[in-house]
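The next block holds one structure in the form of C-alpha cells; read it before the comments.
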Amino acid sequence: MEFDNNLDDHLTENMDVDAIKIIISELLQAVGEDPSREGLKNTPDRVARMYSELLSGYRDIPAKVINGALFDVQYDEMVIVRDIEFYSMCEHHMLPFIGRAHVAYIPNGKVLGLSKIPRIVDMYARRLQVQERMTRQIADFISDLLKPQGVAVVVEAMHLCAMMRGVKKHDARMTTSAMHGAFRANLATRQEFLDNISRGSKPLQI
Ligand SMILES: [Zn+2]
C-alpha cells in the first residue's frame, strides 16, 4: 500500500513547545494565578512536554506504525481485538475522554500483525478528537490498508468534559461504531462481533 501523507502535512510538523510554554504561563495569569509561585513555576514546561506526548498522534507516520506487519494469509474468519484501552482529548474542551476500542475485520488475503491494531487506535486517539470521527478514522484506515471483506469498530468512552462540568452526568459515557462491508451488509456477521465484545466485558469505569 502506498501511504499518502500529503494531506496530513500540516499535522505532522513538530509541536512548538516554546510557544506552548508562553501560552500556558499567560493562561495561568489569565485565570488569576501567579505563574511564578513555587508549585506553578515549572508548569508551563511540564504542560508543553505533556502535550507533545498526549497529542503525538499527529506526528505518527502510518507506514512506520504498520512497519511492514502486513501478511498474506488465506484466512477468512473474523479477527477480533477487543478492549483496547485508549486515552484521547476532546477537541471541544481539551479534556480527556478515555475508554476502550473493539476492532474486527474479515480478511481478504491480508492480515495485520496483532500488535498493530492498538497502535492504529493510538495514532488516532492521541490528537484533539471527537469520538465519532476517531471511530470512523480507525475503520477507514484498516479498510484502506487491508481491503478486507469488512471492518467494524466500536468505541466506548467516558468524557471528562461532561463529568467534570456536571452538566448531564448520564451523558458522560458514549458508544460509537463504524461498520464497513460485511459488517454493514450482513446482520449475522455484525451480531457475531457485537456478541463477542459484550461477552464478559466489564462496565467502563474511571
Ligand atoms: Zn468535550
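Just so you know, ligand 1 is whichever comes first in the structure, and atom 1 is the first atom listed for that ligand. On a predicted model such as this, the values are computed, not experimentally measured, just so you know.
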For a quick check under 3.5 Å, do E132 and T176 share a side-chain donor-acceptor pair by atom type? no
Determine, for E91 against R127, whether the closest basic-nitrogen to carboxylate-oxygen distance falls under 4.0 angstrom. no
Between the side chains of T43 and R46, does any donor sit under 3.5 Å from an acceptor? yes
With a cut-off of 2.8 Å, does H159 place any N/O/S atom under that distance from the Zn ion (ligand 1)? no
Scan V153, L112, I80 and name whichever one has a side chain to side chain contact (heavy atoms under 4.5 Å, CB included) with Y105. L112
Nearest N/O/S atom of H93 with respect to the Zn ion (ligand 1), by atom name, please. ND1
Kindly report the SG-the Zn ion (ligand 1)-SG angle for C161 and C90 respectively, rounded to 10°. 120°
Taking both backbone and side chain into account, is any N, O or S atom of H92 nearer than 2.8 Å to the Zn ion (ligand 1)? no
